[in-house]
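Values below: every heavy atom of this structure, side chains too, minus hydrogens, waters and symmetry copies. Per chain, numbering begins at 1; letters A, B, ... match sequence-line order. All of these numbers come straight from a predicted model, not from anything done at the bench.
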Amino acid sequence: MAELTLDRLRKSFGSQEVIKGLDLTIADGEFVVFVGPSGCGKSTTLRMIAGLEDVTSGAVRLAGQDVTRTRPAGRGIAMVFQSYALFPHLSVADNIGFGLSLQRLPRAEIAARVRAVAETLQLGPLLERFPRELSGGQRQRVAIGRSIIRDPRVFLFDEPLSNLDAALRVQMRLEIARLHRRLRATMIYVTHDQVEAMTLADRIVVFNEGRIEQVGSPMALYERPANRFVAGFIGAPAMNFLAPGCALLAGLAVPAGAREAGIRPEHLALVAPGDGAGGSVELIERLGPETFAHLRLPDLPDTVTLRLPGDSGVEPGTAVALRALPDRVQWFDAAGRALAATRG
Amino acid sequence: MNRQNRIWRTALLAAPLAVFGLFVVWPLMSSFYYSFTNWNGFNPNYDFVGFANFGKIVTDRLFLNATINTAIWMVAAIVLPTALGLGLALLLDRKLPGARFFKSVFYLPICLSAVIVGQIWIWIYQPDWGLLNTVLRHVTGAEHNWAWLARPNTALWSVIVAWSWQQTGLSMVIYLAGLTGIPGDLLEVCEIEGASPWQRLRRVVLPLLTPSTVVVVALSVINSLKGFDILYIMTGGGPFNSSDTLAMHMYNESFAKFRMGYGSAISVVLFLIAMVVIGLYFRQLRKVDRIYG
Amino acid sequence: MAESTPMPARRFDPWPATIFVMLAVLAVLFLLPTAGVVLSSLKTTHDISMGDLWSLPATLYLGNFREALSNPSVHRYLLNTLLVTLPATTGSITLGVLAGYVFAKLPFRGSNALFLVLVAGMFFPPQAILVPLFRMFNAVGLIDTLWPVIVVHTALGIPICTLLMRNFFATVPNALREAAIMEGASEWQVLTRVVLPLSLPALAVLAVLQFTWIWNDFLWPLIFTKSDDKRTIMIGIVNLKGQYSVAWGVQGALSLVASLPTLAVFLFFQRYFIKGMTMGAVKG
Ligand SMILES: Nc1ncnc2c1ncn2[C@@H]1O[C@H](COP(=O)(O)OP(=O)(O)OP(=O)(O)O)[C@@H](O)[C@H]1O
Ligand SMILES: [Mg+2]
């Protein structure tokens with residue numbers, strides 16, 4: 001139905017090419033999350049899909065139809081902005097009904113549909129307020145209300161929750177997940193928040209410098225990153241990268257061509273002194289359910305991060321020994337590509 | 001800390017309030033006082049005449065005439081430059097070759113004084129060799145030597161045109177600043193929701209320019225009250241009082257006919273009219289404040 | 001499907017060209033009046049009386065400017081105007097800064113009402129206080145000096161200066177003031193060392209507006225001065241009209257000379273002026 005296809009999409013601002021050929025197909029009803037470092041082109045891609053930015057070359061297809069040159073309003077797409085983009089001079093009701101009123105629908109019908117949308121978003125009592133008089137979370141709900149009222153085929157979210165505090169973020173995240181389940185619409189969601197990406201996405205698209213590094217389900221990206229960039233980008237705290245000859249990897253079979261090894265913090269374990277690589281605890285971060293220890297090893301330039309249970313009593317300054325779970329080590333070649341998994 | 005604040009407050013406010021009180025508020029009060037006298041301006045002896053001056057106002061044909069002209073002048077002198085400046089700002093608010101040049105051209109007249117603007121436009125309206133009649137002659141081929149400023153039915157409006165020419169640049173600059181202040185994502189919402197250019201202007205851009213309009217109207221009111229200068233230069237209130245405004249009427253009564261008491265009564269009425277305008281303005285301002293903070 | 005779609009040529013958009021032409025026509029219309037004065041100032045009286053004030057001059061004739069600038073009265077007028085404009089501009093801005101600072105950073109119970117009263121002063125017609133002021137200055141023997149003109153312009157500038165400065169000061173974060181006070185700065189030091197340096201754009205807006213209004217004013221010097229050597233340039237131009245009644249060119253040259261200071265001030269502050277308008281004025 002509303003399958004979205006990007007075909008060799010490119011975008012240049014002047015002589016600077018910022019999107020360097022994207023191919024991506026998003027299935028109807030799928031929830032796709034774009035992640036990537038700042039400035040890698042996520043917003044630009046989103047805006048090309050919306051039609052707010054001209055495409056330099058390539059095509060955007062929606063439900064089999066080429067919409068590359070279609071005006072934004074003709075695409076049946078809704079967009080929710082990071083800044084909410086609410087009209088300060090319109091009440092909540094008028095903001096939500098803005099698109100409908102442009103089409104000159106009867107007043108009563110608009111009012112009825114606005115009320116219905118407001119109910120599902122718990123905005124009922126706020127309909128007469130102005131945006132200034134709302135909290136951040138309420139404003140974002142109004143922005144979402146404005147986007148769903150027209151029954152768009154595709155929803156675009158550009159970092160919608162990044163202006164909210166942590167608790168509200170969790171709450172709104174759940175609300176968006178619920179919304180997706182109820183509407184079954186195609187959704188594309190840009191975020192810098194790992195938890196949002198992992199929990200909301202059917203598939204995550206990892207961007208880097210205007211290209212797609214990898215597309216896949218959250219767990220697939222986490223467990224089988226295609227390259228060093230994805231391995232380092234997905235997961236917080238980040239994967240530890242080690243030189244193949246270091247003490248921590250002693251005794252492991254190094255695949256041919258491997259230049260670097262990666263291991264996640266939860267795949268390292270403390271062992272009795274003498275049973276593994278020795279080091280000292282530099283810093284402890286206690287999060288409650290778990291604790292992260294940053295260890296200094298004599299033969300590594302950077303500290304190594306290790307996950308421990310929440311009640312672990314390790315203190316900074318103690319000498320420890322640690323080992324890597326052998327079948328969890330990932331190997332990368334000189335170009336940063338992941339080598340075939342060595343797991344049995 | 002609190003005591004400190006109080007001391008500083010008093011120290012900093014003393015001078016501005018003293019000057020304002022002595023040279024604005026006090027004279028305003030005295031105006032009310034003189035309006036009940038028959039003072040002539042020199043004679044230290046004068047009598048209280050009660051409401052006689054105000055009684056005279058009611059029957060003064062010239063006062064009624066001046067009031068009507070003041071109303072026309074205020075409305076036209078506020079609406080025309082505001083609308084023109086808004087139009088220019090909307091045209092200029094895009095990437096255009098020569099945009100800076102255009103802005104300077106439209107702004108230039110603001111730097112000129114009423115005296116000079118008046119003189120320029122006297123030349124334009126001059127019946128025999130003035131630019132306006134010369135152009136009309138060329139365009140229509142017929143003889144035109146209409147004396148624009150010397151005919152009762154065109155005098156006031158001719159001055160209003162000159163005034164608008166001068167004032168447009170100011171509202172243009174303020175509206176341009178307002179337009180750059182409209183967040184881009186609000187305009188993008190219009191695109192996504194499918195607003196036509198007209199709908200975007202009417203329902204988003206103009207409402208969002210309200211804070212600019214507040215400033216423009218405030219400045220226009222202030223300036224148009226000063227419009228005394230240009231009328232004095234261009235027509236002196238004539239011909240046959242056809243461009244006589246309250247300010248001009250009051251000046252003539254006080255300083256030409258030396259009826260300071262009666263002149264004061266006129267200024268009291270002028271002040272009361274201004275208070276009504278201010279009241280309306282502040283009510284509007286409160287509404288704006290709720291939305292835009 | 002995988003065939004890359006060639007981009008169709010951009011639709012021709014007639015709007016930019018249309019708008020450009022409209023603006024060009026309007027610009028010519030707007031320039032015409034000013035151009036007329038410039039043209040007249042460059043022509044001999046004879047040329048103009050031949051009936052072509054509005055055509056391009058055949059030769060550049062500078063005699064009108066020589067005539068206008070060699071008139072000792074004109075020197076006197078210009079000097080008087082400067083003697084009025086500079087102190088009144090500085091004075092009104094200074095007082096506006098003081099009051100604006102209190103209203104923005106040291107509010108007290110009733111300060112909003114007081115502020116409204118001050119700002120309302122901006123709207124009432126200055127003619128309403130003409131007579132009492134005349135009497136007041138007459139009583140202390142200051143009529144026919146420049147003092148009343150300076151003082152009245154200073155007083156009448158307070159509302160607009162207070163309004164703009166308060167609005168601009170309000171945008172300066174309170175934390176800056178509090179941090180400076182924690183460091184031991186006095187309120188006066190906060191104002192002069194912290195807040196004012198951040199407010200240059202607002203000061204520029206006021207400098208341009210006040211200088212232009214006061215320089216160009218006609219009413220107050222007309223009321224308060226009588227003798228020729230106390231008149232300001234705008235009155236002077238009107239007075240000289242008789243002397244140069246048919247010398248249109250000299251009148252034109254005089255007008256240009258009288259307008260140069262305000263133009264210069266605007267050009268000098270232009271960059272700040274636009275910025276100040278954008279930052280402060282729009283927030284009513
Ligand atoms: N209008 C523009 N003109 C020129 N360059 C632009 C423009 N918009 C974006 N860019 C550039 O394009 C690149 C991609 O920008 P984009 O906004 O898509 O990044 P992003 O991935 O959304 O980053 P972030 O996570 O910080 O939002 C950046 O290098 C940016 O500088
Ligand atoms: Mg972005």
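- For Glu188(B), the parts lying under 4.5 angstrom from a heavy atom of chain A are both the backbone and the side chain.
- Between Phe87(A) and Pro207(B), the closest side-chain pair of non-hydrogen atoms is not below 4.5 Å.
- With a threshold of 4.5 angstrom between heavy atoms, Arg47(A) approaches chain B through side-chain atoms but not through N, CA, C or O.
- For the pair Gln199(B) and Leu102(A), the tightest heavy-atom approach, listed with the atom from each and the gap, is NE2-O, 2.8 Å.
- To the nearest 0.5 Å, atoms CD (Glu193(B)) and CZ (Arg150(A)) are separated by 4.0 Å.
- Closest of all the heavy-atom pairs between Gly194(B) and Ala73(A) is CA-CB, 3.1 Å.
- For Ser101(A), the parts lying under 4.5 angstrom from a heavy atom of chain B are both the backbone and the side chain.
- Contact detail for Gly51(A) and Glu191(B): the closest heavy-atom pair is O-OE1, 4.4 Å.
- For CD of Glu209(A), the number of neighbouring non-hydrogen atoms (other residues, nucleotides, ligands) closer than 6.0 Å is 12 at most.
- In this view, Phe155(A) satisfies the ring pair (Phe, Tyr, Trp, His ring centres under 6.0 Å) rule with no residue, not counting sequence neighbours.
- One distance of note links OH of Tyr84(A) with CG of Asp185(B); it measures 12.0 Å at 0.5 Å rounding.
- In this structure, chain B has no heavy atom under 4.5 Å from any part of Leu100(A).
- His89(A) places a side-chain N or O within donor-acceptor distance of the main-chain N or O of Arg203(B), the cut-off being under 3.5 Å.
- Annotation: residues 82-106 of chain B contacts chain A through no residue [non-hydrogen atoms, separation under 4.5 Å].
- Residue contact with chain B, scored on non-hydrogen atoms closer than 4.5 Å, involves the side chain of Glu133(A) exclusively.
- Atom CZ of Phe81(A) and atom CD1 of Ile192(B) lie 4.5 Å apart (nearest 0.5 Å).
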